[in-house]
Structures are given as structure tokens and as C-alpha cells.
Amino acid sequence: MTNPAGPTSEVFTAAVTLKAAEPEHLDLAFSAVTQPCPWPKAYGGDMVAQAAAAAMRSVPGGEGGKTLHSMHSYFLRPVDIGAEVRYEVELLRDGRGYATRQVRGFQNGKPVYVCLANFAAGEPGGSFTADAPLGVPVPEELPGSASYLAGFGLEGTMTEQSRAYWAGGRGFDMRHVPGPVYLAVEGERVPHQAVWVRPFDALRPVEGLSDEQRDLAALAYVCDYTILEPVLRVLGLAWADPGLVTASLDHSMWFHRAPGPGVVDDWLLYAQEAGAAESGRGLATGRFFTRDHTHLATVVQEGMIRTPEGRP
């Protein structure tokens, strides 16, 4: 679950390295492999980032080209870990200012994921950036997941494999405010939290993607790890609670600004807020900010949250 040489961001770049494939249903096709994780199903961010990469490879980029500005996804079936997913891309529209793609993921002969992705050439207009939350400690003052978990034994459903995954197997260092919800809810049961995220090392080039496209895919990849946590926090639930089952249901993401060179290699603040919890589902919103408070992207996701018997 971890690299013997230490934590590395290569797990992300391996996930979004696509191979050309023969389409069976739509216009273009690529295949990608889901990355190791200690759960019964693949990580949802694999599918979002892989579909983003497939869509971006179908739209001319570069100087004067169009860039990804939004994605709207549904997770249809559990996806096998360490197995290929074939992503087929439908070229729905190529206009002067905008382009639209549909991407469907297939595994074992069945659709497992679907999204619409939109691209824009951009044009002159006004600019506004939302305010980043105030009073958040800088990441250098916060413990990483590995140092936090080093103070605990195996508790609840945590195993050696899940401890290693949380500590260094996800490609990104994550530092929570308030503390994490791995084993218990650290701090008050409030409907919000912030997470500083940064790759463990500089992101590697990805064949078929520009560095800007790779960085957009990185935001799509890392966003799903913690987006349901403010819902868990306000309900008083932790990931290692026996009987807790979660799954991503649908996901939307808007890319307001393309990260500049090296921006995603530095710390980003991921500010998150619970919107609702009802009928076994929870909704949360997240916003990515740079250190200088530039708002890069917004995420909204709904997930299934089956709580342990007798819990709220």
C-alpha cells in the first residue's frame, strides 16, 4: 500500500496515464487502471480524474485552445481495484467558444461511471474570487496523517493496510483543521472543516496531457478523499467506526482558474462544508484555494452514508 522508498505522488500520475483503446460504443476510447486501496471497491477519485484526462485528450489544448471548466458525474457501480476501466468519449459539441464531451466508463462489460465535461476557450470579463476561510493554521503547524496515526493502535475497523493507506498511500499529504476523522471526530461536531493538501513530491509528467491538464486532473483526483468528511463530522462518525459504509453517488466540479506552473505542487487549502444529511445520503461542498487565497475550483458531492446501527 506504500512505496518502500517513501510516500510518492506517483499513485496519482499512474492513475491518469491512459492508453488508447478501440471504442465499442462512442467516438474515442482510452483505458486506465484503478490504484490500490484497502477497501472493497476502487477510490472514486480514480474515475473522476481518469474521465477528466480522457475528455481533455479529446479537446485541442495549447495556446488559444479550450480548457476544462466543469464536470458532472454519476458513479453507477462499484469498480474493481487494480483493474482496467475503458473510458469512451462522445464528441457532443465543438463550438467556437465551448466544447462538450460525454465520458462513460466500462468494466466487466457494464457501465460503471458516466460524466459530462465542458470546455471553454475563455474571453474577457470581470473577475471575482470567493473569500478563503480565516484563521486556518498554516500546514507547517499541523501534523500529517502519518504522525497523527502514529499515536494510535489499531482501533475500530482500522487495519495495518488502512493505516498505511491513510498515512502515505494516497499520493497527497493531508493536514486537517480540526483534526482528522479517521478514528474519532477530533474537535466539535461542526458541519465544516479544512484540509491542506499537497503531493508528497513534485508531480511527474503524464503522457498525453500538458502540465496544466495534469494539474486540473490532480484537483479532480484528490477532491474525493475528504469531501464527505464534514458530513461525517457533524454526525459524529469516523471512518473506522464499525458498520459505517460510504460510497460516492454523484459529483460536480467547476474549474474557475487554471493553476499556474507549480501551484498544485505546493499546499492548497480545501475548505469544506456539509450541506445536508438525510435518508442515508449526505451532501458537501468544497473549495480549493492557493496559499495567496486564489479560488481555483469548487466541488459538490453527494454520497451514500450508511451509519452503524443505533447511530444518527
Side-chain angles (χ1 to χ4, degrees), residues 15 34-52 71-83 85 87 103-108 110-116 156-159 161-162 165-166 169-170 174 176 180-185 189-193 195 219-254 270 272-287 298-312:
T34 56
Q35 297 303 294
C37 68
W39 322 125
K41 58 185 181 300
Y43 166 55
D46 278 3
M47 279 73 79
V48 178
Q50 289 167 351
M71 293 181 68
H72 304 279
S73 309
Y74 280 91
F75 302 87
L76 305 180
R77 291 180 173 87
V79 173
D80 295 337
I81 298 167
V85 180
Y87 292 93
V103 184
R104 297 184 195 174
F106 294 88
Q107 191 178 75
N108 301 321
K110 295 180 179 179
V112 294
Y113 170 92
V114 63
C115 83
L116 288 172
T157 62
M158 186 173 72
T159 63
Q161 291 74 27
S162 59
Y165 184 68
W166 284 331
R170 301 187 289 185
M174 302 182 198
H176 286 69
V181 294
Y182 298 131
L183 304 172
V185 174
R189 287 175 52 169
V190 293
H192 53 79
Q193 68 172 24
V195 185
L219 296 181
Y221 180 83
V222 75
C223 73
D224 190 31
Y225 280 124
T226 57
I227 188 60
L228 292 181
E229 288 185 353
V231 182
L232 299 183
R233 186 178 296 279
V234 76
L235 294 178
L237 299 168
W239 289 117
D241 281 350
L244 177 67
V245 180
T246 67
S248 301
L249 296 174
D250 56 86
H251 174 282
S252 293
M253 191 165 189
W254 294 265
Y270 191 15
Q272 303 165 344
E273 185 168 354
E278 191 66 45
S279 303
R281 300 186 307 277
L283 181 80
T285 301
R287 295 178 295 166
T298 298
V299 181
V300 179
Q301 182 160 309
E302 187 175 47
M304 181 192 77
I305 301 178
R306 289 181 179 157
T307 57
E309 186 176 354
R311 297 292 296 277

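This is a predicted model, so every value here is computed, not measured.
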Side chains of V222 and M174 in contact at under 4.5 Å (non-hydrogen atoms): yes
task: Specify the closest pair of heavy atoms between Y221 and R170, including all atoms of both residues, with the distance to one decimal.
output: CE2-O, 3.9 Å
field: Close side-chain approach of R287 and W254, heavy atoms under 4.5 Å
entry: no
field: CA sep, side-chain torsions, deciding dist, call: I227, H251, side-chain contact (heavy atoms from CB on, under 4.5 Å)
entry: CA-CA 10 Å; I227 188 60; H251 174 282; 5.8 Å; no
message: How long is the straight-line distance from CG of L232 back to CG of D241, given to the nearest 0.5 Å?
response: 8.5 Å
- prompt: Heavy atoms, side chains only, cut-off 4.5 Å: are D46 and V79 in contact?
  reply: no
statement: Here the pair of heavy atoms bringing R77 nearest to P111 is NH1-O, 2.6 Å
task: Over all heavy atoms of both residues, which pair between C115 and A51 is shortest? Give the atoms and the distance, please.
output: SG-CB, 4.1 Å
task: Give every residue pair that meets the salt bridge (Lys or Arg N to Asp or Glu O under 4.0 Å) criterion with at least one member in residues 276-286, sequence neighbours excluded.
output: R281-E302
- prompt: So, the side chain of R306 versus the backbone of G243: is there a donor-acceptor pair under 3.5 Å, distance only?
  reply: no
task: Quick one: list whatever passes ring-ring contact (aromatic ring centres under 6.0 Å, His included) with Y87, sequence neighbours left out.
output: none
field: Side-chain donor/acceptor of D224 to backbone N/O of Y43, under 3.5 Å
entry: no
message: Quick check: closest heavy atoms across C223 and V299, and the distance to 0.1 Å?
response: CB-CG2, 3.9 Å
task: Working to the nearest 0.5 Å, report the span between CG of D80 and NZ of K41.
output: 12.5 Å
- request: With sequence neighbours left out, write down each residue that passes ring-ring contact (aromatic ring centres under 6.0 Å, His included) with Y182, or none if nothing qualifies.
  value: W166, H176
- prompt: Quick one: are P230 and Q193 in side-chain contact, heavy atoms under 4.5 Å?
  reply: yes
message: Could you measure the distance from the NZ atom of K110 to the CG atom of L76? Nearest 0.5 Å is fine.
response: 12.0 Å
- prompt: Taking side chain as C-beta onward, heavy atoms only, is S248 less than 4.5 Å from M47?
  reply: no
Min side-chain heavy-atom separation L283-V300 under 4.5 Å: yes
Test item: Y165 and P36 side chains (from C-beta on) under 4.5 Å apart, heavy atoms: no
L228 CG to L237 CG distance, which is reported to the nearest 0.5 Å: 11.5 Å
task: Please report the shortest heavy-atom distance between V231 and A284, naming the atom on each side.
output: CG2-CB, 4.1 Å
task: Measure from the side-chain N and O atoms of T157 to the backbone N and O of A240, and report whether any donor-acceptor pair falls under 3.5 Å.
output: yes
query: OG1/T226 to CD/Q301 distance, rounded to the nearest 0.5 angstrom?
result: 10.0 Å
- request: Of all the heavy-atom pairs spanning T298 and T285, show the shortest one and how long it is.
  value: CG2-CG2, 4.3 Å
V85 vs Y113 side-chain heavy atoms within contact, under 4.5 Å: no
